Amino acid sequence: LMNLTRLRKVRWEEKVLKYYREYKTKITWGDQDLINVIFHFHPDQLYVYPCEWNFRPDHCQYKNACPGAAKRVYMIHGNRQLFHKKKEGLEMFNALYDT
């Protein structure tokens with residue numbers, strides 16, 4: 001989630017343009033890479049949610065990387081076509097999408 005009021009106060013647009021000019025030949029994922037570059041240099045402007053608020057399939061695919069999710073998950077990050085691909089061990093995400 002991005003707080004647009006706060007982003008305007010820290011002159012977000014200027015940062016995006018500055019880092020775009022500097023890194024445009026090195027970025028692959030466009031806006032996501034630019035956001036990562038900005039927060040690399042300005043970590044004080046980033047709030048990292050606990051994994052239960054941004055649960056990803058790789059948190060449980062290979063090992064239990066989010067122990068708090070055993071009790072409750074608030075938001076599921078549907079990256080890498082999570083809800084659409086049928087993949088062994090991740091059927092619960094397909095079921096969530098289907099409901």
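These values consider heavy atoms only, across backbone and side chains, with no hydrogens, waters or symmetry-generated copies. Predicted model, so just to flag it, every value in this text is computed and none were measured.
V10 approaches K15 most closely through the heavy-atom pair O-NZ, 3.0 Å. Across every non-hydrogen atom of C66 and E52, the tightest pair is SG-N, 3.8 Å. Across T99 and L96, no two heavy atoms sit closer than the pair OG1-O, 2.8 Å. Minimum interatomic distance between T28 and D33 (heavy atoms only, all atoms of both residues): N-OD2, 2.6 Å.
Between atom NZ of residue K24 and atom CG of residue L34 there is a gap of 11.5 Å, rounded to the nearest 0.5 Å.
You'll find the side chain of H42 stays beyond 4.5 Å of the side chain of L46, heavy atoms only.
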Walk me through it: do L4 and L7 pass the test side chain to side chain contact (heavy atoms under 4.5 Å, CB included)? CA-CA 5 Å; L4 298 179; L7 290 176; 4.1 Å; yes
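No continuous path of hydrophobic side-chain contacts links W12 to L17 [ILVMFWY only; heavy atoms under 4.5 Å]. Both F39 and V48 are assigned to one and the same hydrophobic cluster, defined by single-linkage of ILVMFWY side chains at heavy-atom distances under 4.5 Å.
Scored by the salt bridge (charged side-chain N to carboxylate O under 4.0 Å, His left out) test, R11 finds E14 as partners (sequence neighbours excluded).
Heavy atoms of other residues, nucleotides or ligands lying less than 6.0 angstrom from OH of Y23 number more than 12.
Remark: aromatic rings of Y19 and F41 are close, center separation under 6.0 Å.
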